[in-house]
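Accompanying notes for the structure given below.
Chain letters run A, B, ... following the sequence lines, proteins first and then strands; every chain starts at 1. What you see is a predicted model; the values in this text were computed from it and never measured.
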Amino acid sequence: MTKQLLLIDGNSIVFRAFFAMHNQMDKFTNKDGLHTAAIYGFKLMLDHVLQNFKPDAALVAFDAGKVTFRTKMYDDYKGGRNKTPNELTEQIPYVRELIKDSGLHSYDLANYEADDIIGTLAKQADDAGYKTLIVTGDRDLTQLASENTTVAVTHKGVTDTEHYTPAHVEEKLGITPRQIIDMKALMGDSSDNYPGVTKIGEKTAIKLVKQFGSVEELYEHIDELKKSKMKEHLIEDEEIARQCKTLATILRDAPIKISLADLKYEGPQNDELVKFYKEMGFKSFLKKMDPDHVGDEDEATIAPISYTVLTKDNLTKLAQLKGEVSFYLEMPEANYHTSPFAGFVIGNDECWFTSRDVELLKEAPLKDLLENTGIKKNVFNAKAQIVGLHRLGISLEDINFDLLLASYLLNTNDNSNDLGQVAQEHDYDDVRTDEEVYGKGAKRAVPDDDEVFFSHLATKARAIAHLRKDLFAKLDENKQTPLYTDIELPLARVLAKMEITGVHVDAQTLKNMGSKLTERLAEIESQIYQEAGEEFNINSTKQLGHILFEKLKLPVIKKTKTGYSTAVDALEKLADKSPIVEQILEYRQIAKLQSTYITGLLKVIHSNDQKIHTRYLQTLTQTGRLSSVDPNLQNIPVRLPEGRLIRKAFVPSHEGWQIFSSDYSQVELRVLAHITGDKNLQDDFKNGEDIHASTARRIFHLAPDAEIDRNMRRRAKAVNFGIVYGISDYGLAQRIHVSRAEAHEFIQNYFHEFPGVKKYINDTIAFAKENGYVETITHRRRYLPDIHAKSFSKRSFAERTAMNTPIQGSAADIIKIAMIRMQDELEKRHLQAKMLLQIHDELVFEAPKEEIPVLSELVPKVMDSAVKLDVPLKVDSKYGDTWYDLKK
DNA sequence: GCGTTCACG
DNA sequence: ACGTACGTGAACGCC
């Protein structure tokens with residue numbers, strides 16, 4: 001058997017691990033406050049490597065210090081690098097301990113870099129007939145690739161690696177691994193801080209290396225080069241090139257004091273590892289260890305719990321519950337309108353009561369408890385609990401703490417529907433996740449074993465109770481208590497009501513439309529096949545791409561990661577090339593209506609009431625908006641006339657009733673005017689201007705009374721949208737089909753005309769960089785860890801989000817406040833009208849015809865007075881017999 | 001389960 | 001040299 005050697009570039013992997021997890025750095029600390037992200041990442045890498053490569057010998061090489069023979073010959077070698085953060089330095093000794101406990105050797109050598117140790121051992125191993133795997137985060141080491149040595153360079157994170165063999169190097173660069181040294185000598189290395197030859201980058205360097213073979217050969221034959229600037233630079237920088245070649249060369253004969261024989265790998269020392277993981281707080285690794293070594297550790301990680309199983313005969317025991325209880329009704333399926341009930345738990349630290357029999361909830365002692373307005377309820381997902389209990393004829397009153405909702409407000413990423421996962425986010429570990437207890441995928445099931453199920457329920461209720469104080473304190477710290485108490489929690493009840501009410505949908509209308517669409521679809525389909533000359537699956541972008549771009553040879557406009565793009569914007573550019581393009585666009589439009597809106601909606605009409613009951617997700621979006629699922633009622637077609645017809649099926653649930661709808665006009669731009677304080681933008685709104693027209697006047701420098709043609713208004717509108725989304729000249733140019741230069745000019749003009757907006761953008765990004773988050777007018781928070789990202793595109797995205805989130809999020813805050821007040825008004829005035837839908841800036845109601853005049857007054861009044869901004873809010877209302885027929 | 005496309009604000 | 005407007009959900013093909 002060929003022996004195998006594993007060589008790991010310790011420093012570079014530790015760096016990678018540290019920065020890969022930089023965003024979550026705060027989560028990776030042990031009980032002593034030691035940062036552990038790099039240790040954790042190193043361990044991940046190690047496991048991953050050892051799973052795929054079984055070494056007989058293994059070594060992790062480290063740099064010995066800053067001074068090396070390279071710094072002695074070139075002062076600035078690796079100069080200009082930032083100081084290694086303390087959070088990383090403190091982890092290095094622990095990484096070395098991890099290496100030792102894992103059964104690997106580690107080594108460093110004064111005056112030499114880890115690279116040189118690796119290069120030297122790889123050479124010895126090559127000579128001795130070993131197969132060697134080098135793992136590193138540094139691409140420089142690819143020069144060591146050979147027939148028997150593969151270099152794995154981390155790609156993304158620490159476990160995703162790219163394997164460099166001589167063939168792979170050849171394929172990527174067209175040169176041999178050893179020639180990488182020559183390439184680097186010519187092009188330099190900015191991270192190691194040596195320059196190379198002036199004006200020569202990777203492309204030119206590779207060309208020269210291919211042509212001449214090496215730096216030495218190049219200078220042998222320098223006269224053969226034609227006269228050029230490049231030749232002058234080469235001649236001028238010859239000394240530098242030769243010196244850089246030495247710097248770039250990894251030694252293969254460093255004076256190391258170890259040999260292959262010293263590197264034997266005989267597997268981990270499990271007892272030591274268990275101790276180490278405990279010290280680091282690596283629970284997941286502990287769990288994965290051999291059970292012999294963990295023992296009952298797994299069980300012991302969750303504090304035991306006792307509970308009382310409720311029956312019809314012991315309900316009187318509940319009398320002891322006073323003041324405050326935690327309650328959890330288990331509905332194992334996501335859709336709580338239809339999910340079966342698996343059981344429930346109620347109680348406090350004194351005693352947890354539980355049962356599988358939800359019928360017990362209807363018995364007086366329990367029902368009265370839940371409906372009692374003097375006993376505070378602590379729950380997880382208030383809205384789901386309200387709906388679930390409503391199905392059992394129970395009204396859940398006096399909800400105090402909602403773990404899910406509070407957790408979401410503290411950090412919008414903590415939005416799992418799994419209580420165990422959310423608890424873990426807050427460092428509470430005495431509860432398992434549903435996935436652990438119920439399994440996942442097809443195997444997911446509520447366990448038959450009472451002990452397992454009941455203790456899971458009881459630990460969930462306990463988790464809610466134990467996290468309450470801590471999360472309330474954190475909300476307070478963030479100034480988010482009013483957001484929780486006055487907006488989100490009351491909103492949960494309003495949303496529950498809307499979902500329970502549901503919206504009446506006429507199935508027959510949908511079916512009739514469906515048959516027409518089916519006919520039309522068949523027609524277009526045969527036209528497309530005719531045009532293509534064969535039958536294929538039009539829904540498959542792969543097959544469609546083949547037909548359009550290979551068979552019909554249409555020009556390729558845009559590519560995707562996996563092939564040709566066939567999206568609308570690409571196809572529109574081909575419309576004049578072949579009739580098949582328009583046919584495909586029409587096919588797509590109709591197929592979408594058919595599958596998503598006809599069949600899709602028909603599937604979710606409840607047979608008992610002919611209504612659709614969506615679920616609003618209150619804890620999902622990163623901005624504070626709602627989202628709607630099962631089905632999504634926030635994206636019913638409206639823009640195109642064909643799609644808009646779908647709305648004819650949305651009808652009132654009673655004879656003699658109508659649909660009524662009010663929407664905010666330009667709410668996001670008004671919010672922008674408010675939070676930026678921009679004088680010009682505020683004046684335009686205060687003067688009741690058509691905002692896109694007045695923007696056009698300003699950015700195109702027109703007279704105040706100038707006529708604005710449609711195209712100008714369209715462009716100005718795009719600029720306004722662009723500002724809200726975090727604009728780039730490229731993006732704007734794409735959208736309104738102008739040159740990038742023109743788009744750039746529009747944006748410059750905008751910032752000149754609206755200097756307050758410009759200042760807001762700068763200030764907000766600065767705030768995000770300083771604090772790591774941004775806020776809305778109600779102190780809703782969004783964290784933006786990528787605001788510090790090295791990657792331009794990641795960082796840019798975070799910057800755009802930083803300025804967009806306060807705008808989109810504040811608009812969401814406003815309509816949420818309006819919804820709560822609106823529901824109050826409907827009840828206070830004993831109106832029959834029902835709030836049915838929220839579509840971000842619009843509220844849809846159904847009401848008896850005679851109440852329409854009342855709503856026409858009331859709804860806009862409530863909506864435009866929801867908050868007081870520095871600019872007025874404007875609301876438009878419409879009504880009609882169906883959602884399609886709405887008119888002013 | 002992921003990628004692409006397209007529906008909405 | 002890069003990659004490009006914010007926030008969502010559903011259907012479908014493909015692996």
Inset, instruction - Check whether any side-chain nitrogen or oxygen of A/Lys542 sits under 4.0 Å from OP1 or OP2 of C/dC15, and answer yes or no. - result: yes
Inset, instruction - Taking only the side-chain nitrogens and oxygens of A/Ser627, find out if one of them lies under 4.0 Å from OP1 or OP2 of C/dG7. - result: no
Inset, instruction - Return no unless some side-chain N or O of A/Thr560 is found under 4.0 Å from OP1 or OP2 of B/dT4. - result: yes
Inset, instruction - Can you tell me the distance, in whole Å, between the CD atom of A/Gln589 and the P atom of B/dA7? - result: 6 Å
Inset, instruction - With heavy atoms under 4.0 Å as the rule, sort A/Gln543 into base, sugar-phosphate or nothing. - result: sugar-phosphate
Inset, instruction - Under 4.0 Å between any heavy atoms, over every strand shown, what does A/Arg782 touch: base, sugar-phosphate, or nothing? Just pick one. - result: sugar-phosphate
Inset, instruction - Kindly express the pairing pattern of DNA chain C in dot-bracket notation, using | wherever a base pairs with another strand and counting only Watson-Crick or G-U pairs under 3.5 Å. - result: .....|||||||||.
Inset, instruction - Provide the closest heavy-atom pair for A/Arg444 versus A/Gly439 in the form atom of the first, atom of the second, distance. - result: CG-O, 3.4 Å
Legend entry - salt_bridge(A/Arg625, A/Glu668) N-O dist < 4.0 Å: yes
Inset, instruction - Examine C/dA5: is either OP1 or OP2 under 4.0 Å from a nitrogen or oxygen in the side chain of A/Arg735? Give yes or no. - result: yes
Inset, instruction - Give a yes/no answer on whether the side chain of A/Gln622 brings an N or O atom under 4.0 Å of OP1 or OP2 in C/dC6. - result: no
Legend entry - Integer angstrom distance from the P of B/dG3 to that of C/dT4: 14 Å
Inset, instruction - Please determine, for the side chain of A/Tyr730, which listed nucleotide (C/dT4, B/dT5, C/dC2) has the closest atom? - result: C/dT4
